[in-house]
Amino acid sequence: MDNITLAHGSGGKLTHEMIGGIFFKYFKNEMLERAEDAAVFAIKGKRIAFTTDSFVVKPIFFPGGDIGKLAVCGTVNDLAVVGATPKYISCAFIIEEGFSFSDLEKIVKSMADWAKDAGLKIVTGDTKVVGRGEADGIFINTSGIGVFEKDVKLGAEKIKPGDKVILTGNIADHGLAVLGKRKGLEFESEIVSDVAPLNKMLLELTKKVGGVKFMRDPTRGGVATTLNEITEGRKFGILIEEKNIPVSENARAACEILGLEPLYVANEGKAIIVVSSKNEKKALSSLRKNKYGKYAVTVGTVTKNNPGKVCLLTAYGTVRIVDMLSGEQLPRIC
Amino acid sequence: MIKYIDEYRDTKLCLSLAERIRAISKKPLNIMEVCGGHTMSIRKNGIQKMVGKHIKFISGPGCPVCVTAISDIDKAIKLAENKNTVICTFGDLFNVPGSISSLAKERASGADVRVVYSAHDALEFSKIEPSRRFVFLGIGFETTAPTVAASILEAAKENVDNYFVLALNKTMPGALRAVLDDKDSKVNALILPGHVSAITGLGMYSFLKDDLKISGCVSGFEPADMLSAVYILVEAHEAGRVILENAYRRAVKDEGNTKALGIMNEVFEPCHVEWRGIGMIPGSGLKIKNKYEKFDADKNFNVTVTRSKENKACLCGEILRGAKTPADCKLFGKACTPENPMGACMVSSEGTCAAWFRYSE
Amino acid sequence: MCWSVPGKVVRVEGNKAIVEVAGVKKDAALDLLNDVKVGEYVLIHAGYALQKVDEKSAKFTIKFFKGIRD
């Protein structure tokens, strides 16, 4: 393939190939190669988590949120899933000539509100304006720094067969909320994006409950892709049960209409948590106390079988592989 | 609950249907599921494993993307290179590789290619931007062809002169005959496409029973629909009967949808057309009648395609005819994956190879 | 396959129906069907209502399935 296509940005296999083939090739270092949502390192003996993310969502205002809320929560969650407490974030705007001041103000206010909600400060930033057509409205980049209140160390290498896989709530809402407002694909529903800052919920979990091995937020590429990222190249597999996967009826219906699979649709306010089976119940009850984790459920188990793979037990007792997203998920007619 | 879907996914019901199938299935039976949607449902729900060892499913030619000739894909790509031209396509065709490019790659290099949900949406786009030319890629079988025809009638009624259709629609009976008449064919019975039949009705299948002596049963796409169709076919097979049945009565009437057929026949007429992997099938294509040639992309754009080429090792042809399975193909899962498809069956999510790849165990 | 979903007609506006599938509403063009009424179920395919879903047959089918079962 000579040029980058949109599929390279979909979070699926092609994204992974591009990251491995170009970025890792040149930036090669042990911290980067852990390929986690945030890098964790120590400065003068103090552990710090650091991450960055860019936001290019279309439309910029969607049911349940906007690009500003997304930019804050995305970075907050990337820090939270490595066990850190987000403290400071930066923001950089690339704005297309002609963008309205009132929209910009709405976005910035939204960022301020959600930063406050998440308990962090936006401390530095940058603005660039480009000519008409050189960007699409507005793009935002945020980077964030987090500290560790408790010395939690998470990592996929800690995962063992028998561990449980927890999902903190209904899936596919964000992707569908955004898609439902795109030209030509519009549908009307109660579906709102799940975009939310998960730091308080996850901090409470790692503080109070032992046995948490690994956390990740299943954004682009959906739950299926994130689970595959966890098992890739490992000596264990993950078996999820179809009947336990939480999807709202609305989201299920929207997926039926457009021919999409909920497991591959993006989320912005969910975490996948791998926890020892001994602590499964405690973890669930801790998560369910938080409004963003009310519907947390165990969706699967870490297995010795099928190492490196994610499998799904269907409602009919058959087992099949769940692959990573390939290409963009496009609405289809056949 | 999603009415008319969830009842047909009921676990207990499906498990007991499967049990009944296993109880009566004694003789080997090769069932061709004609439609790509059926292939998906079989793989996604593990139906092959539910029905016991005597029954083997063979995927048929019913994935419109997979059977679109590579030269037609190349033509669509060429159209995308025209100035001031917007290509509107169903998502299904977007990533399909032609000889050297794909619509996705063309978009990456600057072409205006838009994924739409409906031919109607493409027509709406053309009304909003009257100074640009919009070409809708008309793929699909009898289910989709009437929707494309309806968009052309609407364009004619409203005098839209920047809306065009590249007519690649195909019809089912000729392809079924071609596949089943093949000497390699191992097919004993057919699961017939549910939504094609919703339009066409059952009449067009009578040759299966009368000429070819092969049983067919129309089925919906939910697991209980498919299992009941399998049950009906197994029962007939064990009794040595040849049947033509309808297990999808909530959507398929004997006479089909006569209004939709009328619209399709108003705009289109049969033509000879090449099916990828099968070859030329007389009368199995749909071309736009002269009366509506104003909307025919073939006649209004000067597009010539130089010789299109396929990968020689690709077995899509044999797989589409049911003569081989993806497991027989040297490229499958190695050189040919959903990210980097060599043949059509890997591209469409309901293509046989993609379904095997995605849902294999 | 020809992806198609059954939904309930909640409104008819000229040549267009608003069809609801478990709380999600989507437009469907009515070019291919006559006399579509509010409350009826139709199959939607590529933005068009393709065929009405026949409630009696649906009930019959379920009974038939259960008959096979018992």
Side-chain angles (χ1 to χ4, degrees), chain B residues 1-5 7-8 12-13 16-17 19-20 35-41 62-64 90 116-121 140-144 146-151 153-154 193-196 198-199 220-221 224-225 227-228 231-232 247-253 256-257 259-260 263 350, chain C:
Chain B
M1 201 188 91
I2 307 180
K3 195 172 172 183
Y4 296 127
I5 291 186
E7 306 92 298
Y8 301 90
K12 259 199 205 154
L13 177 59
S16 57
L17 279 166
E19 199 184 313
R20 287 296 303 261
C35 181
H38 286 147
T39 306
M40 288 256 286
S41 182
C63 160
F90 290 132
V116 293
Y117 173 73
S118 168
H120 186 262
D121 294 336
F141 298 119
E142 288 95 330
T143 325
T144 317
T147 72
V148 180
S151 78
L153 289 183
E154 191 184 338
H195 296 140
V196 163
I199 296 291
F221 297 87
D225 288 319
L227 288 163
S228 68
Y231 181 87
I232 290 168
Y248 194 28
R249 287 171 196 258
R250 65 184 183 280
V252 178
K253 296 173 180 48
N257 178 344
K259 187 180 184 193
I263 287 171
E350 61 159 18
Chain C
M1 90 161 112
C2 313
W3 191 263
S4 179
V5 200
K8 186 179 184 173
V9 176
V10 291
R11 218 161 55 232
V12 176
E13 295 168 359
N15 192 36
K16 189 177 85 176
I18 314 297
V19 181
E20 186 188 318
V21 183
V24 179
K25 294 191 188 91
K26 181 93 187 129
D27 296 356
L30 291 176
D31 304 49
L32 309 180
L33 283 177
N34 288 324
D35 307 324
V36 172
K37 292 182 201 74
V38 170
E40 289 183 316
Y41 277 77
V42 293
L43 283 168
I44 327 168
H45 169 70
Y48 288 78
L50 201 67
Q51 181 59 287
K52 293 184 186 181
V53 182
D54 186 72
E55 187 156 10
K56 264 193 216 145
S57 306
K59 276 193 186 140
F60 172 82
T61 309
I62 288 285
K63 272 191 205 149
F64 177 74
F65 288 167
K66 294 198 168 151
I68 286 179
R69 184 173 58 166
D70 300 325

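Computed from a predicted model, the values in this text were never measured in an experiment. Every chain is numbered from 1 and lettered A, B, ... according to where its sequence line falls, protein lines coming before strand lines.
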For [X], which atoms come within 4.5 Å of any heavy atom of chain C: side chain, backbone, both, or neither?
{"X": "B:Tyr231", "answer": "side chain"}
{"X": "B:Asp225", "answer": "both"}
{"X": "B:Ile232", "answer": "side chain"}
{"X": "B:Ala247", "answer": "backbone"}
{"X": "B:Ser41", "answer": "neither"}

Against chain B, label [X] side chain, backbone, both or neither, depending on which of its atoms sit under 4.5 Å from a heavy atom there.
{"X": "C:Val5", "answer": "side chain"}
{"X": "C:Val21", "answer": "side chain"}
{"X": "C:Lys16", "answer": "neither"}
{"X": "C:Leu43", "answer": "side chain"}

Which atoms form the tightest heavy-atom contact between [X] and [Y], and what is the distance?
{"X": "C:His45", "Y": "B:Thr144", "result": "NE2-OG1, 2.8 Å"}
{"X": "B:Ser118", "Y": "C:Ala46", "result": "OG-O, 2.9 Å"}
{"X": "C:Gln51", "Y": "B:Ala198", "result": "NE2-O, 3.4 Å"}
{"X": "B:Ala150", "Y": "C:Tyr48", "result": "CB-CE2, 3.7 Å"}

*For each of C:Leu33, C:Val42, C:Asn15, tally heavy-atom pairs with chain B at distances under 4.5 Å, and name the one with the top tally.*
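Most heavy-atom pairs under 4.5 Å with chain B: C:Leu33.
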
Nearest 0.5 angstrom please: [X] [atom1] to [Y] [atom2], how far?
{"X": "C:Asp27", "Y": "B:His120", "atom1": "CG", "atom2": "NE2", "result": "9.0 Å"}
{"X": "C:Asp31", "Y": "B:Leu153", "atom1": "CG", "atom2": "CG", "result": "8.0 Å"}
{"X": "C:Asn34", "Y": "B:Lys259", "atom1": "CG", "atom2": "NZ", "result": "4.0 Å"}
{"X": "B:Tyr117", "Y": "C:Trp3", "atom1": "OH", "atom2": "CH2", "result": "10.5 Å"}

*Go through the structure and list residues passing ring-ring contact (aromatic ring centres under 6.0 Å, His included) with B:Tyr248, not counting sequence neighbours.*
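Result, ring-ring contact (aromatic ring centres under 6.0 Å, His included) vs B:Tyr248: B:His195.
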
*Just wondering, are more than 12 heavy atoms of other shown residues or ligands nearer than 6.0 Å to NZ in C:Lys8?*
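For C:Lys8, atom NZ is not crowded (no more than 12 foreign heavy atoms under 6.0 Å).
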
_Heavy-atom side-chain proximity of C:Lys66 to B:Leu13 below 4.5 angstrom_ =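 Yes, close enough: below the 4.5 Å cut-off.
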
*Would you say B:Glu7 and C:Phe65 make side-chain contact, with heavy atoms under 4.5 Å?*
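B:Glu7 does not reach C:Phe65 side chain to side chain.
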
*What residue, out of B:Ile2, B:Thr147, B:Ile199, has the most heavy-atom pairs lying under 4.5 Å from chain C?*
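Max contact count across the listed options: B:Thr147.
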
_Between B:Asn257 and C:Leu32 (side chain of the first, backbone of the second, donor and acceptor by atom type, cut-off under 3.5 Å), is there such a pair?_
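Side chain of B:Asn257 to backbone of C:Leu32: a pair is present.
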
*Donor-acceptor contact below 3.5 Å, side chain B:Lys3 vs main chain C:Ala22*: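 The answer is no, because no donor-acceptor pair under 3.5 Å joins these two groups.
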
*Does the side-chain contact (heavy atoms from CB on, under 4.5 Å) test come out yes or no for C:Asp54 and B:Arg249, once each step is laid out?*
CA-CA 8 Å; C:Asp54 186 72; B:Arg249 287 171 196 258; over 6 Å; no

